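Just so we're clear, the structure is a prediction, and the values are computed from it rather than from any experiment. Worth knowing before you read on, the calculation uses all heavy atoms, side chains too, and leaves out hydrogens, waters and symmetry mates.
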Amino acid sequence: MTEPLLNRKQIEELLRETDCPAEFARQFLAAVETETTEEQLRMLRCQRCRLLERIHDERRKLDGLDYLRYCLEKGRDRDE
């Protein structure tokens, strides 16, 4: 059997740095010990999708604020 590229401590650190929820980190670390690489990859893909959705949600909020700002600036320009 080949040695893994990352040890458990490195995996824990990466999960912490990527702001994974504690429950996901716990489940993933358990999967490292008991599940196949395919299952671990599936878990990471799911977590990535959740994170990407959060990013999209934040982007929509920024777009809303930018639109509001744009409308206010346009209105101000007409008033001047």
Side-chain angles (χ1 to χ4, degrees):
M1 189 160 126
T2 62
E3 280 293 311
L5 294 175
L6 301 171
N7 64 40
R8 185 179 178 89
K9 184 175 171 119
Q10 292 168 316
I11 293 170
E12 288 174 358
E13 184 62 28
L14 279 170
L15 294 173
R16 212 174 4 265
E17 287 174 4
T18 55
D19 202 24
C20 288
E23 180 62 17
F24 173 82
R26 187 190 64 71
Q27 290 173 350
F28 185 80
L29 289 168
V32 168
E33 303 297 326
T34 62
E35 300 293 336
T36 64
T37 300
E38 282 307 311
E39 176 60 17
Q40 294 167 41
L41 288 169
R42 184 197 66 76
M43 292 176 73
L44 291 174
R45 282 191 296 271
C46 289
Q47 181 60 25
R48 185 183 190 281
C49 286
R50 286 189 288 271
L51 182 57
L52 190 56
E53 187 57 37
R54 283 181 23 210
I55 290 169
H56 289 168
D57 288 344
E58 295 301 316
R59 178 59 199 211
R60 283 188 282 276
K61 292 173 189 176
L62 283 172
D63 289 346
L65 288 175
D66 287 345
Y67 179 68
L68 178 58
R69 192 185 75 214
Y70 166 81
C71 290
L72 289 170
E73 288 173 350
K74 279 294 197 193
R76 183 185 61 193
D77 291 346
R78 279 191 302 209
D79 292 343
E80 292 177 354

State, to 0.1 Å, how close Leu5 and Gln10 come at their nearest heavy-atom pair, and which atoms those are.
O-OE1, 4.1 Å

Starting at NZ of Lys9, measure out to CG of Asn7 and round the result to the nearest 0.5 Å.
8.5 Å

Please lay out, stage by stage, how Ile11 and Gln40 fare under the test side chain to side chain contact (heavy atoms under 4.5 Å, CB included).
CA-CA 12 Å; Ile11 293 170; Gln40 294 167 41; over 6 Å; no

In Å, rounded to the nearest 0.5 Å, how long is the span from CG of Leu14 to CZ of Phe28?
9.5 Å

Are Asp57 and Lys61 within salt-bridge range, i.e. N to O under 4.0 Å?
no

Compare every heavy atom of Leu29 with every heavy atom of Glu12, then report the nearest pair and how far apart it is.
CG-CD1, 3.5 Å

Considering only distance and modelled atom types, tabulate donor-acceptor pairs under 3.5 Å from the side chains of residues 41-52, sequence neighbours left out.
residue, atom, partner, partner atom, Å
Arg42, NE, Glu39, OE1, 3.0
Arg42, NE, Glu39, OE2, 3.3
Arg42, NH2, Glu39, OE2, 2.6
Gln47, OE1, Arg50, NE, 3.1
Gln47, OE1, Arg50, NH2, 3.0

Under 3.5 Å, which donor-acceptor pairs do the side chains of residues 64-71 form with other protein atoms, sequence neighbours left out?
none

